[in-house]
Every structure is written in C-alpha cells, then in structure tokens.
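Below, chain A is the first sequence line, B the second, and so on; all start at residue 1.
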2 protein chains.
Amino acid sequence: MLIANEKSGKQGIRAVAARAGVSTATVSRALNNPDAVSASLRARITQAIDALGYIPHAPARILSSRRSRTLGAIVPTIDNTMFARGIASLQHYLSSVGYMLFLTTSGYDLEVELQQARNLISRGVDGLVLRGDCHHEGLRKLLADNAVPFINVGIYQPNRPYPCVGTNNEAAAHRAASHVIELGHRRIGIVSALQRNNDRASARVAGFRRALAEHGLDLPPQWHVEVPYTLDDAREAARHLLNLRERPTAVVCGNDVIAYGVLLEAERSGFSVPGDLSVVGFDDLDWSRHLRPSLTTIRVPTDETWQRAGEYLVRSLAGEQTIMHREIDFSLIVRESTAPPPAALK
Amino acid sequence: MLIANEKSGKQGIRAVAARAGVSTATVSRALNNPDAVSASLRARITQAIDALGYIPHAPARILSSRRSRTLGAIVPTIDNTMFARGIASLQHYLSSVGYMLFLTTSGYDLEVELQQARNLISRGVDGLVLRGDCHHEGLRKLLADNAVPFINVGIYQPNRPYPCVGTNNEAAAHRAASHVIELGHRRIGIVSALQRNNDRASARVAGFRRALAEHGLDLPPQWHVEVPYTLDDAREAARHLLNLRERPTAVVCGNDVIAYGVLLEAERSGFSVPGDLSVVGFDDLDWSRHLRPSLTTIRVPTDETWQRAGEYLVRSLAGEQTIMHREIDFSLIVRESTAPPPAALK
DNA sequence: GCCTAGGATGTAACCGTTTTCAAGTCTCGT
DNA sequence: ACGAGACTTGAAAACGGTTACATCCTAGGC
C-alpha cells in the first residue's frame, strides 16, 4: 500500500513549494509580490529556487495572469540604422522596467504588417509599437477588437485619434529646404526615399515642396527623384540630376544615405560640394559629420523617440494617464555641404 | 428553470468549437493537422474562426504542447550593421518555416547574456542562437540543465564540442595580413576592435599576428591599437599611428568601420592611401566599395551564416541529423586602398 | 452477414502558473 | 479578556490550448 507521498515527478513551482514546505500560492506571491510573504518563508523559498535552478515558465504565467509584460514592435526593416538604433533604445528602456520586446519586420508590406500583428497578439503581447500611421485597414480593427494598446512611432500627427510620438517630418523637411533657399538657391532638387507605404518619407517630401512653393520656386518633375535606401540608387539619382541640361544648384535628400550617395557622385563627376552643388541630408547618422565635406542635415533624436514610445505604452498599461501625441524636436545641423549657389547661377 | 445551454461566456477555442458544433479537440486538429479532419468539418471550423475573429493563444498552446516554435537570439548589440543584417536574415528564414524569433542584446556583458538566456528559456524558446563561444560559465550549465539546443554563430571552431557556424576569422585575418605582406609591406600596424568578451575580434588579431610572425615581422606594441566600434575612436587610433616617429606603411583593421576611420584620418593628415599607407578592412559593408579610395577588405557572408544557424536549430528540433560545425567561406576583396609600400620605405 | 481494422470525432486530463476566497494567526484598543 | 481588523497562508478553480484514450462509423474481407 502506497502512502500519498511527495512524488519526485513534481515540476516547476510545485517542486519549489514542496521543497520549501509551502503552497504554490505562497511561492507565486514570493516571486511576484515579495512583501506579501514573511521574511522567513521568503528565505526558504529563495533557497529552494536556487537549489532547484527553478525558472518560472512565462507562458503559464501569461496564460493565468493575462499579462505578458511584453510589447511587440513591427518595423519595416531592422537593416536601417535609424530603426536599429530606435529598437535598441526601446529595448533598453523596456528591459529597465522589466518588460521584454518581441520584434518583427514587415518590409514595408502592409499585409505582412497585419499578419505580424496577428502573430504578436497571438503571442500575448500587452501592447504594440508601430512605425508610422500607414497601416492596413484590417489592422485598426484587429487592434480595436482585441483591445490592444498601440502607438505610432516616428511621426507627429496631433489631429489623428491615434497615439503617436515622433518629430514633425513635414516641418523638419521644410526647415531643411528653407535653409538652402535662405542661402540664395532657387533651383532645388529633391531626392527622396520611396514614398509608398512610408508616411515619414512622404511627409518629408511634402515639407520640401511646401518650402519651395512658399517662395514661389518651381519643382520640375525631373528634379524630384525617388530611390530605395542604397548608395547605388542614390548615386544613380544624383547622376541623373547632374546630367540634366538645367540642373539644380542644391539637392535636399530624404535621408543621409541618399545624401552620401549624392556627395559621392558629385565628387566623381567633378562637381564641387558646396561650390557647385549644395547638399542637405536628413537623420544625422554617426558618420555624417565625418564626410568630406561634412553633411548639413536634420538631426532627429531617434533614441528618445522610441524610448518615449515605450514609456507611453508601459504607463498606459499601468493605468496612468499619458499624453497621446508627443512631438520630438528636430534641429538643423549646418555643416560644410551647403553654401550659397555659384554667382553665375543665382 | 435554466436549461444547460451554451453560455456566451465561452472564449477561445471553445467558442469556435461551439459555433462549429464540434469538440475543441477537432478544432485543435483542424488548426495543427488539417488532414486529420474531414473536409466538411474543416470548412465549418474555418468559417467559425473567421466569424469570431479567433486568434489562437500562443502561451496556452506552448504550455500544453511544450513547444513554442520560437527561437531566442542574444547578440551583443543590434546597433552594428553586421549583427543587424544577420538578425534580419535569421528572422527572415525562421518566419519562412513558421518559427518566430525572440531577440535580446547583451552589450558584450557576459552576466547580461546569462540573464537574457534565463529570460528566453523562461519564455519557452525551443533553442538559442548565441554570438560566438565566449560565454559565462553558468550559461553552459543552464543550457545543459534545461536541455536547450543552441549554436554559436560567427566563429568556426571544429575542435570544440559545441555546434557553431561561421567563418574562420583567424584564417581570414591571416589572409588579409598576408595580402599586404605580399605587396611588400614590412611595417604593418593593427587597429583591432575591443577583444574583451569578443572572440571574433581576438581571432582576427591572432590571425593578423600569425601572418606577421610567419614572415618574421615585428609588431611593436605601439603598432597595435584597440578601439571601440566608432569612427571617432578609429580616427584617434589612426592619428596615433601616423604621428609615430616610426610609422607603419600598412594598417590592417578589425572591421570596415575602423578602416574607414583610418582612411578619413589619413586624408586629413595629408597621407595618401594607398600611396603612403595601405589600409585593409574586414566585413565588406555596403559602403566600403564606394569609399575613395575603395576599401580592400574581407567579405563575410553574414546573411548565409545566420540563416544556417537557424537551419541547424530548426533541423535539430525536427530530429534531423545535422552537421555541428559549419564553416562559411570568406574572400579577400582587393580594391584601391592597398598597394606596394613607397619605395623609400620598403 | 459478421467480424475487424482503421479513420473520424469526442471526452477529459493535463500543461505550470495566478488568483479568489476562506481560514488561520496576530495585534491592539477597550 | 475579547473581538475587530489586518496579515499570512493554503486550497482549488481558472487560464486556453493539446493529446491520450475511448468511442463510434464505415468499409472490406471472409
């Protein structure tokens, strides 16, 4: 006859409870709310945990508590310095408050983004960090149906009903274009990033255009080129602009990679920057100030932006009231790549 | 009097089952093993799922099936092009086979890495992707105790008992140094990445040194500098080398970022590359071929490396036999930044 | 026509936590 | 000395799936 004894088959929290001579409830409390259990028991439990090498099973915990202390993020690509830095910053912040991050990429494909969102919700994330406000229709419904808090990062849209945090790209681009206009340029070209499914890129283009329009400047179609995020494509675009019969004396670029490409191609074609051509970038990447000539550009505090996004969600989840639309300041960094246009072409 | 009826409080799979008029077991099968359920039922179930907007709850699934179809990865930092690309590639592969990736960073801190591993195991990952073989003692024990499959990425160590996939950094660095030696250089400096907790960096240094030693070349201590992964630090190192009374005619660098810094500083100091100084990089980043002069460097197929790491784990988990140590080929890309040393200094 | 093998489906016991609720123990003020 | 709270603690029911096992059908083989 068997006496109902402690079977050795126990696992997880029950094994710890058995070894410490307490109930599973107490172990759970010792882990999640240490103050609720007496010091002596707490010590016994801690010791049992160490002895057993116990690691709590997060899925079980999530299942039973309906909270995962995990956020999901969907970015177009991780292979872009700005996003990589942003994610790093977000992750750093989240881990400092005991949260984890589930990262996925969409490749600028709205369908994929929607699918990834389903994935993440399925995974039990408490909230979602999204890039921009350009989403699949079904995504909003999905988020609403499942009551998943989220925030749009990298844009500033105070008039929309969705939370967001980021710089005002339109205003920043306007500032960049105004800079070369103030230097005296009248013939200004644009090399932007691809605008499709990318509200950040299109906001920048809008800002550039508004600045030109405000000064009554023309933008012939052939002076506006859109390129993917590679040096090769940027160089090709620059070659196109520089080979035009009527070529611009300044080029404003959708990001620093493009600007670098323009710089390279200008040099190769024998144009001096800023003597013959002024170039403005956007983002202020690490190497931009090291270029020859160093790059005039717009600095965007990416790290802060993404951290704020994390803060917003964490606070919302904690029930705190937080501001829905947060603007992150940009600044124009004037360096060597911009100057007044050549006298002959003023 | 109430008849025991379908309560509206049902959730998840039970709600789907009720609506489709089947048992939860059947719904589960329809989801995980569609062939096991008749076409008619499958259709009813699919319809119920759509109607309800049902999203399976992954934690519950993991809890009961003891498999998460999720891998964890711990990299030193995401803010380094090579890692960012690697992760992107790994993630892409994993999603193509229905797996997800949990990504965390350690900041080259072994304690943090260990903690992250605990985190990931707690999360229920089926396997772990680690950078290199330089880990905390406790990590191996942790992995063994919990029977978690793992692989060391970015190094090649056929003699160690742990699975790994990557290029032979020692050999690649040896090749790089041999290249400048073959060009006639006898005075060769090294600017390496920080070697602490970084077996990739130290393998490269070892390779450089072996090549020098094999040709009886001296490496005075002041000709070997270690720097963090930034242009500023690389430039400072270059300044140091170029200001020496006896300065090297060639510099081999631990990565392309360092090489770029050396290029920039050489230009600023009025040294011509490769006329006065030859420079070799390592990694072949996207922009390396665009530099002036374009950079001689070692190409490392990062994408393939990380994808292979994913393949190894996925296959192992599927019970397939796979090779433990896989070497990924590197290649020397000779461009403009290397040439024979100035005649006077041969 | 009967027996059996095998496929389709349902029943219900888990998976490892958290959490509600009840019970037990202290601490005090009166 | 006693009862009201305030704390600790434990028992057991969720949480939302999977899966071993039982059951029911159906189609063949004899």
Side-chain angles (χ1 to χ4, degrees), chain A residues 4 6-7 9-45 48-49 52-70 118-119 121-126 146, chain B residues 4 6-7 9-45 48-49 52-70 118-119 121-126 146:
Chain A
E6 306 163 9
K7 291 180 43 187
K10 281 203 186 83
Q11 291 227 4
I13 205 171
R14 287 184 238 261
V16 176
R19 188 176 231 267
V22 299
S23 73
T24 62
T26 303
V27 176
S28 176
R29 278 189 284 257
L31 251 27
N32 300 308
N33 184 14
D35 296 336
V37 36
S38 70
S40 64
L41 280 195
R42 211 186 315 150
R44 288 228 307 275
I45 291 171
I49 287 177
L52 265 39
Y54 167 69
I55 298 182
H57 192 267
R61 196 205 287 253
I62 295 168
L63 177 58
S64 134
S65 71
R66 283 89 166 288
R67 297 201 40 205
S68 62
R69 292 188 75 82
T70 299
R118 265 201 212 93
N119 248 324
I121 292 174
S122 160
R123 251 35 215 206
V125 297
D126 293 338
N146 296 78
Chain B
E6 307 163 9
K7 291 179 46 187
K10 282 202 187 81
Q11 291 226 4
I13 205 173
R14 294 186 225 256
V16 176
R19 188 175 231 269
V22 300
S23 74
T24 63
T26 304
V27 176
S28 177
R29 278 188 284 256
L31 251 27
N32 301 309
N33 185 15
D35 296 336
V37 35
S38 70
S40 65
L41 279 195
R42 213 186 313 150
R44 289 226 307 275
I45 291 171
I49 287 178
L52 264 38
Y54 167 70
I55 298 182
H57 193 266
R61 195 204 290 252
I62 295 168
L63 177 58
S64 88
S65 72
R66 282 89 167 287
R67 296 201 41 204
S68 63
R69 291 187 76 81
T70 299
R118 266 202 210 92
N119 250 323
I121 291 174
S122 159
R123 249 39 213 205
V125 297
D126 293 337
N146 295 79

Please answer whether the main-chain N or O of B:A30 pairs with a side-chain N or O of B:R42 as donor and acceptor at a distance below 3.5 Å. no
Starting from the 5' end of DNA chain C, give me the residue, B:A60 or B:S40, whose nearest nucleotide shows up first. B:S40
What is the nucleic acid contact for A:P59, judged by heavy atoms within less than 4.0 Å: base, sugar-phosphate only, or nothing? nothing
Touch check for A:I62, heavy atoms < 4.0 angstrom, all strands: base, sugar-phosphate only, or nothing? nothing
Report yes or no: does B:D126 contribute a side-chain atom to a donor-acceptor pair with the main-chain N or O of B:R67 at less than 3.5 Å? no
Closest to side chain of A:R29, choosing from C:dT20, D:dT18, C:dT18: C:dT20
When the nearest nucleotide of DNA chain D is assigned to B:H57 and to A:A25 on a heavy-atom basis, which residue is associated with the more 5' position? A:A25
Between B:L63 and A:D35, the residue closer to the 5' end of DNA chain D by nearest nucleotide is A:D35
With the side chain counted from C-beta on, respond yes when B:V16 and B:R19 share a heavy-atom pair under 4.5 Å apart, and no when they do not. no
A:I13 atom CD1 is separated from D:dA13 atom P, nearest whole Å, by 18 Å
Give a yes or no answer on whether the side chain of A:S28 reaches the backbone of A:T24 with a donor-acceptor pair at less than 3.5 Å. no
Atom CG of A:N33 and atom C1' of D:dC7 are separated, to the nearest Å, by 12 Å
Taken to the nearest whole Å, CG/B:L31 to P/D:dT18 is 7 Å
Distance-only donor-acceptor test (3.5 Å): side chain B:R66, base C:dG16: no
Between C:dT17 (C1') and A:R69 (CZ): distance, integer Å: 16 Å
Quick check: any donor-acceptor pair below 3.5 Å linking the side-chain of A:S64 to the base of C:dT17? yes
C:dG10 phosphate, OP1 or OP2: any side-chain N/O from B:T26 under 4.0 angstrom? yes
Between CG of B:N32 and C1' of D:dA20 the distance, given in whole Å, is 15 Å
Would you say the side chain of A:R14 and the base of C:dG16 hold a donor-acceptor pair, judged only by whether the two atoms sit under 3.5 Å apart? yes
Expressed as a whole number of angstroms, how long is the span from A:R61:CZ to D:dG16:P? 18 Å
Calculate the interatomic distance between A:L41 atom CG and D:dG10 atom P; express it in whole Å. 7 Å
D:dG10 OP1/OP2 closer than 4.0 Å to side-chain N/O of A:S23: yes
C:dT9 phosphate, OP1 or OP2: any side-chain N/O from B:S38 under 4.0 angstrom? yes
Would you sort out whether A:L31 and A:I49 count as a side-chain contact (heavy atoms from CB on, under 4.5 Å), showing the intermediate values? CA-CA 10 Å; A:L31 251 27; A:I49 287 177; 3.5 Å; yes
Checking all strands, does B:V27 fall into the base, sugar-phosphate, or nothing category for heavy-atom contacts under 4.0 angstrom? nothing
side-chain contact (heavy atoms from CB on, under 4.5 Å), that's the test. Do B:L41 and B:R44 meet it? Break it down for me. CA-CA 5 Å; B:L41 279 195; B:R44 289 226 307 275; 3.5 Å; yes
Rounded to whole Å, please give me the gap between CZ in A:R67 and P in D:dA14. 22 Å
